[in-house]
Amino acid sequence: MIELNSVLNEEGWIEVSKKEYGSILELAQKLGRPVPSRQNGSIIDRLKPTLPENAHSKSLSVKYGLESFPFHTDGAYFNCPPRYVLLSLADDSNLNDRPTLLIDTNDLDFSEDEKKTLLRDVFIIKGGGRSFLSSILDRSVISGKTIFRYNKDIMKPAHQSFQNSLTLMDVKLRSADPVFIKWTSDKIVVIDNWRMLHGRGTSHINDMNFRILNRVLVESKGGR
Ligand SMILES: O=C(O)CCC(=O)C(=O)O
Ligand SMILES: [Fe+2]
């Protein structure tokens, strides 16, 4: 675990094997407190390419269907977004052609002025039953810690000039160089969800209902 934590801290994510760490839920429990993504939802989410008409009304599938998903923070609609996201291929998944993509926000090379913009521009965050205000670089949740909170599909600029932050994110993400996670049955990926953004790649085959990822969100322990 010391090794895992230090790589996670250094790189913002880590890929480990189930043989070494057990199931995704066992590993999640070692890292903190697993929390459901939706009230009364299950602790383990099953994520699969789904047609908009069959999707949960608040999921990315409603808008993107079988397409790729844009880069985002998971649970951006939580007051405090989950500390970690754990993903693995489900046992009953029989397709693994579609990658998950990761971008480290530390590699987006924001200038000091750009960071100020991301700290200042305020958004109305929708979802999870109520709306609240937050900037993309959020220092208000945990003292001494800056959280990257970004999911353009659930955030609306509170003033039209705050659109600048979204334009900046678009430009940065377009020129970023993501890591592609290729799924194998033994792999668990742990993502620092306060620092990394992730997205869903494309697939050349119809993997609707067959490429299934298990996901567990982990709440922060005492602000760390
Ligand atoms: O399916 C994937 O690769 C990631 C999906 C995802 O990020 C999500 O559903 O929030
Ligand atoms: Fe996600």
Side-chain angles (χ1 to χ4, degrees), residues 8 12-16 24 28 31 34-39 41-78 80-105 125-128 136 138 147-155 169 173 176 178-220:
L8 193 52
W13 69 285
I14 185 171
E15 185 178 294
V16 297
I24 184 171
L31 287 165
V35 284
S37 59
R38 307 257 167 223
Q39 245 177 6
S42 95
I43 290 284
I44 303 180
D45 286 317
R46 282 165 63 81
L47 310 177
K48 53 187 174 187
T50 305
L51 288 172
E53 54 268 38
N54 299 331
H56 185 287
S57 63
K58 294 207 170 98
S59 69
L60 288 168
S61 297
V62 165
K63 180 160 176 199
Y64 297 103
L66 307 181
E67 305 299 313
S68 60
F69 283 173
F71 288 98
H72 61 277
T73 307
D74 265 1
Y77 50 85
F78 284 31
C80 179
R83 183 74 185 89
Y84 302 113
V85 176
L86 282 76
L87 298 170
S88 69
L89 203 59
D91 288 342
D92 57 341
S93 180
N94 55 18
L95 291 176
N96 62 353
D97 169 67
R98 187 192 283 268
T100 298
L101 275 51
L102 300 179
I103 285 178
D104 186 349
T105 60
I125 313 285
K126 301 174 283 169
I136 292 178
D138 188 356
I147 294 176
F148 212 96
R149 182 200 295 275
Y150 179 71
N151 178 343
K152 67 184 165 85
D153 290 303
I154 61 158
M155 50 204 291
M169 285 303 297
L173 291 175
V179 173
F180 282 65
I181 308 286
K182 185 170 169 35
W183 288 108
T184 54
S185 56
D186 186 49
K187 193 181 282 190
I188 302 178
V189 170
V190 184
I191 304 168
D192 178 343
N193 190 49
W194 289 355
R195 163 175 165 186
M196 307 293 290
L197 298 175
H198 65 275
R200 188 176 79 183
T202 49
S203 176
H204 300 297
I205 47 176
N206 182 353
D207 56 357
M208 181 169 63
N209 295 329
F210 297 109
R211 182 272 201 179
I212 309 162
L213 292 186
N214 282 333
R215 175 181 67 184
V216 178
L217 303 176
V218 172
E219 194 176 69
S220 126

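These figures come from a predicted structure and were not determined experimentally. When a ligand or atom number is given, it counts from 1 through the structure's own listing order.
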Ignoring hydrogens and angles, tell me if any N or O in the side chain of [X] forms a donor-acceptor pair with the backbone of [Y] under 3.5 Å.
{"X": "N206", "Y": "M208", "answer": "yes"}
{"X": "R149", "Y": "C80", "answer": "no"}
{"X": "N193", "Y": "P81", "answer": "no"}
{"X": "K187", "Y": "K182", "answer": "yes"}

Where do M169 and L197 land on the side-chain contact (heavy atoms from CB on, under 4.5 Å) test, with the steps shown first? CA-CA 11 Å; M169 285 303 297; L197 298 175; 3.9 Å; yes
List-wise, which protein N, O or S atoms are found short of 2.8 Å from the Fe ion (ligand 2)? H72 NE2, D74 OD1, H198 NE2
Does CG belonging to D92 count more than 12 external heavy atoms closer than 6.0 Å? yes
Does CZ in F210 sit with more than 12 non-hydrogen atoms of other residues, nucleotides or ligands closer than 6.0 Å? no
N/O pairs closer than 3.5 Å, ligand 1 and protein:
unit_1	atom_1	unit_2	atom_2	d
ligand 1	1 (O)	R211	NH1	2.6
ligand 1	3 (O)	T100	OG1	2.5
ligand 1	3 (O)	R211	NH1	3.4
ligand 1	3 (O)	R211	NH2	2.9
ligand 1	7 (O)	H72	NE2	3.1
ligand 1	7 (O)	H198	NE2	3.0
ligand 1	10 (O)	H72	NE2	3.2
ligand 1	10 (O)	D74	OD1	3.2
ligand 1	10 (O)	R215	NH1	3.3

So, D74 versus H198: side-chain donor-acceptor pair below 3.5 Å or not? yes
For a side-chain contact (heavy atoms from CB on, under 4.5 Å) check, start with the C-alpha distance between W183 and V189, then their side-chain angles and the critical distance, and finish with the verdict. CA-CA 9 Å; W183 288 108; V189 170; 3.7 Å; yes
